[in-house]
Amino acid sequence: TTWETKGTYFSAFETLDSNQRDFLIPLSSRLIGTTKAGEYFQDYIYTQLTNWIATPASGSGIAAFSDVQSSGAVGDADGWRVSMTGRLSGGFKGGNGYRPLRLKSGVSIAAPDNRFAFGFGRGDGALAIGGGTGFDRTADFDPISGGTNPLLGFASGDVHFSAGAKIASGLTVSGGVTRNGFSSGDDDRGSVQDIPADVVRNLQNQSAEAFNLRLDYAALNWLDVSASYTRLDESDGLLGVRSLDTGDLAGGTKTNGLTVGAHAILGSGFSLFGSGTLTRSRTGSNAALVTRGSGLTSSSFQIGVAKQGLLSRSDKIRLSVASPLQVTSGVLEFKSIAVIDRETGQTGIVTQRIDLAPAKKRRLVVEGLYGSSIFDGAGEIALFGRGELHATDRNIPALVVGGQARIPF
């Protein structure tokens with residue numbers, strides 16, 4: 001709908017004997033993005049209701065809200081520690097049929113006193129590289145549902161690697177690479193609307209890769225701050241949008257982003273966390289769609305509060321507000337062949353300028369999670385709610401609620 005409202009079009013020609021007839025077709029008809037469509041509801045609920053309330057590795061019995069299960073750190077006599085994470089995704093019916101169950105897992109190894117650490121795995125690269133400081137859920141990095149470093153979210157899903165080292169008291173530097181490679185007919189990020197399945201399957205495979213460099217600093221014994229630089233390379237897409245015509249975004253796009261975050265532990269079980277990201281995207285020079293000037297500027301943010309021990313010693317509540325990634329300024333130029341003289345039928349190259357400055361309010365997504373261990377940690381209960389304050393996409397539900405109970409017998 002964004003592209004259609006800008007009135008951008010391309011021309012198609014049909015030969016009729018010795019003449020030809022042109023048709024003006026909205027550009028959006030050959031652009032496909034990361035909309036979740038009908039699968040969004042199922043995917044989100046499926047993920048939340050299976051893994052969100054995993055008990056932390058410390059064995060404290062306090063409910064956690066990461067949807068990635070952790071085995072906990074296993075140490076040896078020399079102080080080295082090894083931990084593993086994993087979760088299953090997929091296995092539900094959506095617009096493209098049943099998706100296969102996939103195991104997403106990772107391994108992390110830390111030296112004594114956390115002087116050095118590295119990790120690797122397949123699946124949740126965004127969380128493995130950019131997680132922490134209150135953001136411990138894959139949805140926090142999803143460009144559609146979260147506001148924490150969405151550039152990592154675009155490239156999360158395939159292999160990832162990270163490493164970090166303590167370089168001074170309270171100061172840690174880390175870096176990582178994550179990749180998402182997939183066929184267009186099996187796109188983890190959502191179904192493609194209004195395009196025949198055989199057309200989608202014949203598209204070239206997609207890939208996105210992100211490099212992240214991050215500094216974490218324990219400013220006070222109750223305050224951690226971080227800053228990171230991320231570079232996202234998309235093979236033939238622009239912030240998750242690609243085209244049925246490979247020439248539209250030929251050469252792919254490159255996006256640079258800066259993310260700052262903070263996590264404060266306030267006492268009495270309260271903690272505050274926040275993150276903001278500013279990005280700039282540029283297309284290849286040989287593409288039909290070309291960024292001009294300084295490129296496209298986009299931004300996102302997320303803030304939240306968590307309370308441990310609300311109604312009992314073993315429960316936890318988490319409330320957050322996220323504004324997913326949104327283009328805030330920038331101009332694209334689209335060059336195509338079209339009729340430039342209706343009297344003579346002469347054709348030529350027509351350049352259309354597309355101002356992507358948004359006309360709508362920013363999306364604001366409010367989310368709440370509550371969980372508690374019961375029966376001395378043998379069982380669990382959880383509640384979940386999520387709502388759109390400024391809905392901009394009719395395919396995304398305005399309100400989602402759910403619950404879970406696990407009772408041993």
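- In this structure, Thr283 contributes its side chain and Thr253 its backbone to no donor-acceptor pair below 3.5 Å.
- Between the side chain of Glu234 and the backbone N or O of Leu239, at least one donor-acceptor pair lies under 3.5 Å.
- Contact of the Ser271 side chain with the His263 side chain is registered, since non-hydrogen atoms from C-beta on lie closer than 4.5 Å.
- For the pair Arg179 and Asp158, the salt-bridge criterion is met [side-chain N within less than 4.0 Å of a carboxylate O].
- Looking at heavy atoms from C-beta onward, Leu311 lies out of side-chain contact with Ser372 at the 4.5 angstrom threshold.
- Counting only heavy atoms from C-beta outward, the side chains of Thr277 and Pro150 approach each other to under 4.5 Å.
- Residues meeting the side chain to side chain contact (heavy atoms under 4.5 Å, CB included) test with Phe301, sequence neighbours left out: Ser323, Arg362, Leu364.
- Side-chain atoms of Phe154 and Leu325, non-hydrogen and from C-beta on, do get closer than 4.5 Å to each other.
- Counting heavy atoms from C-beta outward, Ser336 and Gln352 have side chains that approach closer than 4.5 Å.
- Between Lys316 and Asp136, no side-chain nitrogen of the basic residue sits less than 4.0 Å from a carboxylate oxygen of the acidic one, so the salt-bridge criterion is not met.
- Listed for the Thr291 side chain is no donor-acceptor partner under 3.5 Å among the backbone atoms of Leu296.
- Under a 4.0 Å N-O distance rule, the pair Arg21/Glu14 does not qualify as a salt bridge.
- Scored by the salt bridge (charged side-chain N to carboxylate O under 4.0 Å, His left out) test, Arg214 finds Asp216 as partners (sequence neighbours excluded).
- Annotation: Tyr217, atom OH; neighbour count of heavy atoms from other residues, nucleotides and ligands within 6.0 Å does not exceed 12.
- The aromatic ring centres of Phe273 and Phe135 sit less than 6.0 Å apart.
- When atom types are taken as modelled, the side chain of Asp315 and the backbone of Leu310 share a donor-acceptor pair closer than 3.5 angstrom.
- The side-chain heavy atoms of Arg137 and Leu369, taken from C-beta on, include a pair separated by under 4.5 Å.
- Nearest heavy-atom pair across Ser299 and Leu278 is CB-CD1, 4.2 Å.
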Which atom pairs, one a donor and one an acceptor, fall under 3.5 Å between side chains of residues 107-116 and the rest of the protein, sequence neighbours left out?
{"residue": "Ser108", "atom": "OG", "partner": "Ser83", "partner atom": "OG", "Å": "2.6"}
{"residue": "Asn114", "atom": "OD1", "partner": "Arg81", "partner atom": "NH2", "Å": "2.5"}
{"residue": "Arg115", "atom": "NH1", "partner": "Pro112", "partner atom": "O", "Å": "3.4"}

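- Classification of Asp22 and Arg342 as a salt-bridged pair holds, one side-chain N sitting under 4.0 Å from a carboxylate O.
- Under the side chain to side chain contact (heavy atoms under 4.5 Å, CB included) criterion, Ala338 pairs with Ser11, Val350, not counting sequence neighbours.
- Scanning for salt bridge (charged side-chain N to carboxylate O under 4.0 Å, His left out) contacts around Asp124 gives Arg87, with sequence neighbours left out.
- Taking all atoms of both residues into account, the shortest heavy-atom contact from Phe141 to Asn149 is CD2-O, 3.9 Å.
- Although no hydrogens or angles enter the test, the distance criterion places a donor-acceptor pair under 3.5 Å between the side chain of Ser235 and the main chain of Ser207.
- Counting heavy atoms from C-beta on, the side chains of Val159 and Phe120 never come closer than 4.5 Å.
- Contacts of Ser294 classified as side chain to side chain contact (heavy atoms under 4.5 Å, CB included), with partners at least two apart in sequence or in another chain: Arg280, Arg282.
- More than 12 heavy atoms of other residues, nucleotides or ligands shown are found within 6.0 angstrom of CD1 on Ile340.
- When atom types are taken as modelled, the side chain of Ser243 and the backbone of Asp245 share a donor-acceptor pair closer than 3.5 angstrom.
- Between the side chain of Thr178 and the main chain of His160, no donor-acceptor pair closer than 3.5 Å is present.
- Proximity of Phe13 to Thr347: side-chain heavy atoms (C-beta onward) are separated by under 4.5 Å at one or more points.
- Comment: Asp233 engages Arg231 in a salt bridge, judged by a side-chain N to carboxylate O separation of less than 4.0 angstrom.
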